[in-house]
Amino acid sequence: MALLSVAPLAPRWCVHKSLVTSSKVKVVRRTISTSIRMCRITTESGEGVQRRIANHHSNLWDDNFIQSLSTPYGAISYHESAQKLIGEVKEMINSISLKDGELITPSNDLLMRLSIVDSIERLGIDRHFKSEIKSALDYVYSYWNEKGIGWGRDSVVADLNSTALGLRTLRLHGYPVSSDVLQHFKEQKGQFACSAIQTEGEIRSVLNLFRASQIAFPGEKVMEEAEVFSTIYLKEAILKLPVCGLSREISYVLEYGWHINLPRLEARNYIDVFGQDPIYLTPNMKTQKLLELAKLEFNMFHSLQQQELKLLSRWWKDSGFSQMTFPRHRHVEYYTLASCIDSEPQHSSFRLGFAKIFHLATVLDDIYDTFGTMDELELFTAAVKRWHPSATEWLPEYMKGVYMVLYETVNEMAREAEKSQGRDTLNYARNALEAYIDASMKEAKWIFSGFLPTFEEYLDNGKVSFGYSIGTLQPILTLGIPFPHHILQEIDFPSRLNDVACSILRLKGDIHTYQAERSRGEKSSCISCYMEENPESTEEDAINHINSMVDKLLKELNWEYLRPDSNVPITSKKHAFDILRTFYHLYKYRDGFSVANYEIKNLVMTTVIEPVPL
């Protein structure tokens, strides 16, 4: 129990005691651990059973290392300093809203409001300023018209920078704004205009045009044109710029766009950009307080991350997973992804639940795709549907442990969700889990038989077997946000939002995994199914076709998430959308699930292990 204890911190940054495993459950897990350790993973078991092994690299984050992490930023003095800074920033924002002055005038008040909101959000401190942000955006929207907006309320001519930033920010907050405003910034030939000499002001305008283009809805041709124009422009501009805050900002935005971007990673990068660029640090505006607060908040959450990570690592070790050599061990990476999209201190259950569920889903994926025999998989599938500890009686030893950890974790999260939702949500979780297991079982049968389904059949099944639904549903139910049945129907399977998200992840994932899977004898993938139906096509043709599908689906995803006519608020869909972003991020360069010792390892270091220098 001593290994699970944590140092006392300021109240809002403490791990809730309900997240610490009870002694009763720990006794059970020690027994479970024995079952897993009894299995020595080789290519051929002692019973002569031939097994396939994917040879994934081992866990990168030793439990002893995790338990040794320490930080001073949980002390009450940091909490008090943050509260003081929050008050000062609120005062600054309110002073802008209430009166004009030397720096805030009728000729620039719209752009200044948008810029401050944008900076607050990119620095990762927006949770403290919800009402101030809404007031600022309500004010900007009141001056929005069919041509966009200028710098200020008295501006006669619309401005590209203000309009692009306004379009992006207002749309992300659910305001009904049309992209048609961008048509007014084209020249007579129908192309976006730019000067022969690239000024810093123009570069910033085009940067915000690019950022706005990422929030395109289906059929918005002007947004597609804006993306093409701004991408070319910025790539040329960055070659001419010296290394500075602006060049770093452009590099980051071009690299990660919106769908691959993770809020905490952006905050870490933007802290450096904000600190380098004089435009953000006007003394009279006191915007340096934003930077001070952002650094402090980053490090205070860093202290909470260490506590939660220690609990997770001990769960992983005590559950016996550390003794299993055939599956991928990505619990730390999954926790990192969760904490990159939600840094609310009170959402420990979400972050830990996300990491546990997706780690379990990954273990199950490795059992169904490679390690398990058909007879074993049939038994495990039946056990999941029976959902009772006695179902382990017929399972092989290594499966008994996995089953019981799955059983306990899902039930534990359902109990946690009941506190938030006021009702039993276990059936939601079980239905999603059974659908996942059935889809995995179907893929296993295809693997063992060498069957190649049609592209449509494969994708329909693959959307479920990816595991997005099971990993999304239970964690978001622990958030403390009410999710009545009609809202769950809009974000869970088979809603259009969920269907589009699952399609994107399966398609994008297959692009990065099909070669490794094919080498293990797994014939079915989006690539192979497409080529089978289109015999004249090459692998490159198939990949280009799938990327084109993904591009269209991303626009549809934007619409399902942000559509202003929806009866489900954006806040209720945010976590489901952001979870997609985490996995889309994993596929930026490679299969980040399987190969986590490059970019994803750096993500762990940057956003979880290392604090930001104050």
Side-chain angles (χ1 to χ4, degrees), residues 171-174 176 215 217-218 259 338 341-342 344 347 349-350 353-354 357-358 361 384-385 387 409-440 442 456 459-507 552-584:
R171 180 169 281 191
L172 285 176
H173 285 267
I215 323 295
F217 292 156
H259 298 100
I341 62 172
D342 190 328
E344 294 274 3
H347 290 165
S349 294
F350 169 80
F354 177 100
I357 286 293
F358 274 114
V384 168
K385 295 183 176 183
W387 203 247
T409 302
V410 170
N411 286 341
E412 179 185 357
M413 291 185 67
R415 290 191 292 271
E416 192 68 28
E418 188 170 2
K419 300 174 187 176
S420 299
Q421 304 303 319
R423 68 186 193 279
D424 186 0
T425 62
L426 181 59
N427 280 339
Y428 288 111
R430 287 188 60 189
N431 289 339
L433 179 60
E434 288 184 17
Y436 172 72
I437 292 295
D438 284 341
S440 298
K442 179 178 282 190
E456 182 179 2
L459 182 57
D460 283 345
N461 190 75
K463 288 185 290 190
V464 183
S465 67
F466 186 90
Y468 170 83
S469 293
I470 63 165
T472 300
L473 178 62
Q474 276 206 293
I476 66 172
L477 289 174
T478 68
L479 287 169
I481 301 171
F483 286 97
H485 183 68
H486 77 278
I487 288 184
L488 280 181
Q489 286 182 314
E490 290 293 320
I491 61 176
D492 191 27
F493 181 81
S495 74
R496 187 56 186 159
L497 175 67
N498 184 281
D499 185 71
V500 171
C502 292
S503 298
I504 291 169
L505 293 175
R506 172 51 68 194
L507 291 168
K552 292 177 182 177
L553 286 166
L554 286 172
K555 293 180 177 64
E556 189 173 349
L557 181 75
N558 292 347
W559 171 250
E560 292 298 332
Y561 174 46
L562 298 170
R563 56 188 302 169
D565 62 344
S566 174
N567 62 350
V568 178
I570 291 173
T571 52
S572 296
K573 295 181 280 188
K574 185 177 187 302
H575 282 78
F577 178 81
D578 282 347
I579 288 172
L580 172 134
R581 293 168 78 187
T582 67
F583 293 117
Y584 204 62

Spatial distance of atom OG (S349) from atom CD (E412) [nearest 0.5 Å]: 8.5 Å

Restricting to side chain to side chain contact (heavy atoms under 4.5 Å, CB included), what partner residues turn up for D578, sequence neighbours left out? I341, K574, R581

Give a yes or no answer on whether the side chain of E490 reaches the backbone of S495 with a donor-acceptor pair at less than 3.5 Å. no

Strictly by modelled atom types, are H485 and Q489 linked by a side-chain donor-acceptor pair under 3.5 Å? yes

Are the side chains of I491 and S572 in touch, meaning some heavy atoms are under 4.5 Å apart? no

Over all atoms of both residues, closest heavy-atom pair of R171 and I215: NH1-O, 2.9 Å

Test item: F577 and H259 side chains (from C-beta on) under 4.5 Å apart, heavy atoms: yes

Show, in sequence, the C-alpha distance, side-chain angles and deciding distance for C502 and Y468, and conclude whether the side chain to side chain contact (heavy atoms under 4.5 Å, CB included) test is met. CA-CA 6 Å; C502 292; Y468 170 83; 3.6 Å; yes

Okay, side chain of Y561, backbone of A576: is any donor-acceptor separation there less than 3.5 Å? no

If we only count heavy atoms from C-beta on, is the W387 to L433 side-chain gap below 4.5 Å? yes

Checking side chain to side chain contact (heavy atoms under 4.5 Å, CB included) between L557 and each of D499, I504, L562, which is the one that passes? I504

Heavy-atom pair with the smallest gap, counting every atom of F354 and A338: CD2-CB, 3.5 Å

Is there a donor-acceptor contact under 3.5 Å from the side chain of Y436 to the main chain of A361? yes

State whether the side chain of R423 and the backbone N or O of A417 hold a donor-acceptor pair below 3.5 Å, judged by distance alone. no

Non-hydrogen atoms of A432 and L473 that approach each other most closely: CB-CD2, 4.3 Å

Mind checking side-chain hydrogen bond (donor to acceptor under 3.5 Å, both in side chains) for S440 and listing every partner two or more places apart, or none if nothing turns up? none

For P475 versus G353, what's the shortest heavy-atom pair and its separation? CG-C, 4.1 Å

Decide yes or no for L580 and T472: does some side-chain heavy atom of the first lie under 4.5 Å from some side-chain heavy atom of the second? no

Angle between ring planes, W559 versus F217, binned at 30° and 60°: parallel, tilted or perpendicular? perpendicular

Set of residues satisfying side-chain hydrogen bond (donor to acceptor under 3.5 Å, both in side chains) with respect to E556, sequence neighbours excluded: R496

To the nearest 0.5 Å, what is the distance between CG (L553) and CZ (R506)? 14.0 Å

Taken in chain and number order and not counting sequence neighbours, the residues that satisfy ring-ring contact (aromatic ring centres under 6.0 Å, His included) with Y428 are none

Is a side-chain N or O of K442 found less than 3.5 angstrom from the main chain of S465, in a donor-acceptor match? no

For Q421 and I481, work out which heavy atoms get closest and say how close. NE2-O, 2.9 Å

Which heavy atom of V568 sits nearest to which heavy atom of K573, and what is that distance? O-CE, 3.5 Å

By side-chain hydrogen bond (donor to acceptor under 3.5 Å, both in side chains) - contacts of K552 (at least two apart): none

State the OG-CG distance between S420 and L479, to the nearest 0.5 angstrom. 7.5 Å

Begin from the C-alpha positions of L488 and L477 and carry the test side chain to side chain contact (heavy atoms under 4.5 Å, CB included) through to its verdict. CA-CA 9 Å; L488 280 181; L477 289 174; 3.9 Å; yes

Rounded to the nearest 0.5 Å, what separates atom CG in L426 from atom CE in M413? 11.5 Å

Can you tell me if Q474 uses its side chain to pair, donor with acceptor, with the backbone of V410 under 3.5 Å? yes

About how many Å separate CD1 of I437 and CD1 of I470, when rounded to the nearest 0.5 Å? 7.0 Å

Angle class for the H575/H347 ring planes (parallel below 30°, perpendicular above 60°, tilted otherwise)? perpendicular

ring-ring contact (aromatic ring centres under 6.0 Å, His included) with Y584: which residues, sequence neighbours excluded? none

Any side-chain to backbone donor/acceptor pair from E434 onto A429? Under 3.5 Å, distance only. no

